[in-house]
Amino acid sequence: MTASPLASPEEAAPSAPIIGRRPRRLRRTETLRRLTRETRLGVNDLIYPLFVTEGAGRREEVPSMPGCHRYTVDLLLEEIARARELGIGAIALFPLIPERQKDNTGAESHNPEGLIPRVLRAIKQAVPDILVISDVALDPYSSEGHDGIVRDGEILNDETVAVLVKQALTQAEAGADFVAPSDMMDGRVGAIRQALDAEGWIDVGILAYSAKYASAYYGPFRAALDSAPQFGDKKTYQMDPANAREALKEIALDLAEGADIVMIKPALAYLDILWQIKLHTNLPVAAYNVSGEYAMIKAAAQQGWIDEKKVILETLTSMKRAGADLILTYFAKEAALMLREGE
Ligand code: PBG
């Protein structure tokens, strides 16, 4: 091993003045730092995921996600109005479905009088200018807790896609601006696009969960929606965390099938994937700052171990820097407030 040329301050002391090599010059004052900042997080980048439940007048905190709640539709409308007031322009909806409405084919997912269609209609009436993204997947509706129909322990692809198409059409009919297939079945983006177009929903967009990994970071979300798999795991449809090139393949397929926005999920442990995908596509790229990422920050902050506000902004900024144009985050309101206050 050779000794580092900067091993000690004496050795490092320059014999001649350093010329043109003072990066610290640009960090000297806050004004300079602002002028030379490369990445800017803004409220327009944020999408606020929200959990909705049946009933009225209730707001239940999700134990694994302090600060996040499941709202009945009346209180959801109030929460959306608060988000809107902070400048947040888009929300993503996820339902808690009662156990008795779940079955293996997720039939409730395309019931026009189901929870999500009713909520979509209510939102469109009360807060028409908020952009609403609704999730397309069977897991909240599945007695098996899987994103697809199960037969003999296997997740059926094409049979599931047929149900996802019905679900997407039901949501479009009820007023969804975007549908967001989060299931990872093959060919679903193309099938949904074709069906939407055939039914005249040409303006309904598709936010595709294109590179969605089989991640342990979804734990708190599954607890929130009571949607954990009843057997096995999701590794036959969600991606192996060790793979990067496979993400590019998934993105290419979703692009060809008609996705309007592509998403990478989770975000924090996959910033390299975000970066690569940004270089490979001209579509807007979204990152999902998932429930486990949220819960870790909340837990450490509650212990007093980290400065929550600073860590939130640093984390979201890292996602933007890595290539995210949009970020789904449970911190949307906190971030919007801090950005407004110029922190
Ligand atoms: C399921 C879905 C999941 C999330 C969004 N949609 C969980 C899963 O795939 O098991 C996770 C979101 C989060 O963890 O915040 N279709």
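Whatever order the structure lists ligands and atoms in, that order sets their numbers, starting from 1.
Numbered from 1 in the order shown, with element, the atoms of ligand 1 that lie under 4.0 Å from a heavy atom of Y330 read 12 (C), 13 (C), 15 (O). Within ligand 1, counting atoms from 1 as listed, the ones closer than 4.0 Å to a heavy atom of Y288 are 12 (C), 15 (O). Of all atoms in ligand 1, numbered sequentially from 1 with element shown, those under 4.0 Å from a heavy atom of K234 are 8 (C), 9 (O), 10 (O). For ligand 1, the atoms lying closer than 4.0 Å to a non-hydrogen atom of Q238 are 8 (C), 9 (O). Taking a cut-off of under 4.0 Å to the non-hydrogen atoms of K212, the atoms of ligand 1 that pass are 1 (C), 2 (C), 3 (C), 6 (N), 8 (C), 9 (O), 16 (N). If you number the atoms of ligand 1 from 1 as listed, the ones under 4.0 Å from a heavy atom of A137 come out as 16 (N).
Between L76 and I123 the shortest side-chain heavy-atom distance falls below 4.5 Å. A 4.5 Å side-chain heavy-atom check between K249 and R245 finds every atom pair outside the cut-off. In this structure the side chain of E173 never reaches within 4.5 angstrom of the side chain of P117, judged on heavy atoms.
Within 6.0 Å of atom CD in E154, 12 or fewer heavy atoms from other residues, nucleotides or ligands are found, so the atom counts as exposed in its surroundings. Enclosure of atom CG in N282 is not indicated, since only 12 or fewer non-hydrogen atoms of other residues, nucleotides or ligands lie within 6.0 angstrom. Atom CD of E314 sits in a sparse spot, with 12 or fewer heavy atoms from other residues, nucleotides or ligands closer than 6.0 Å.
In this pair, Y294 and Y330 present their aromatic rings perpendicular. The plane angle is above 60°, beyond the 30 to 60° band. Classified by interplanar angle (parallel below 30°, tilted 30° to 60°, perpendicular above 60°), the ring pair F231/H146 is tilted.
For atom 14 (O) of ligand 1, the closest non-hydrogen atom on the protein side is S291 OG, 2.7 Å. Closest protein heavy atom to atom 11 (C) of ligand 1: K265 NZ, 2.9 Å. In terms of protein heavy-atom proximity, atom 1 (C) of ligand 1 is closest to D139 OD2, 2.7 Å. From the protein, the heavy atom lying nearest to atom 16 (N) of ligand 1 is S182 OG, 2.7 Å. The single protein non-hydrogen atom nearest to atom 10 (O) of ligand 1 is R222 NE, 2.6 Å, given as residue, atom name and distance.
Heavy atoms of D183 come nearer than 4.0 angstrom to ligand 1 in no pair at all. Contact between E293 and ligand 1 is absent, with no heavy atom of the residue lying under 4.0 Å from the ligand. Ligand 1 has no atom lying under 4.0 Å from any heavy atom of Y294.
In the candidate list Y209, F51, F221, F94, F221 is nearest to atom 3 (C) of ligand 1, counting heavy atoms.
Judged as a salt bridge (charged side-chain N to carboxylate O under 4.0 Å, His left out), the pairs with a partner in residues 192-218 (not counting sequence neighbours) are, in order, R193-D197, R193-D260.
Alongside W275, the hydrophobic cluster contains L279 (criterion: ILVMFWY side chains under 4.5 Å).
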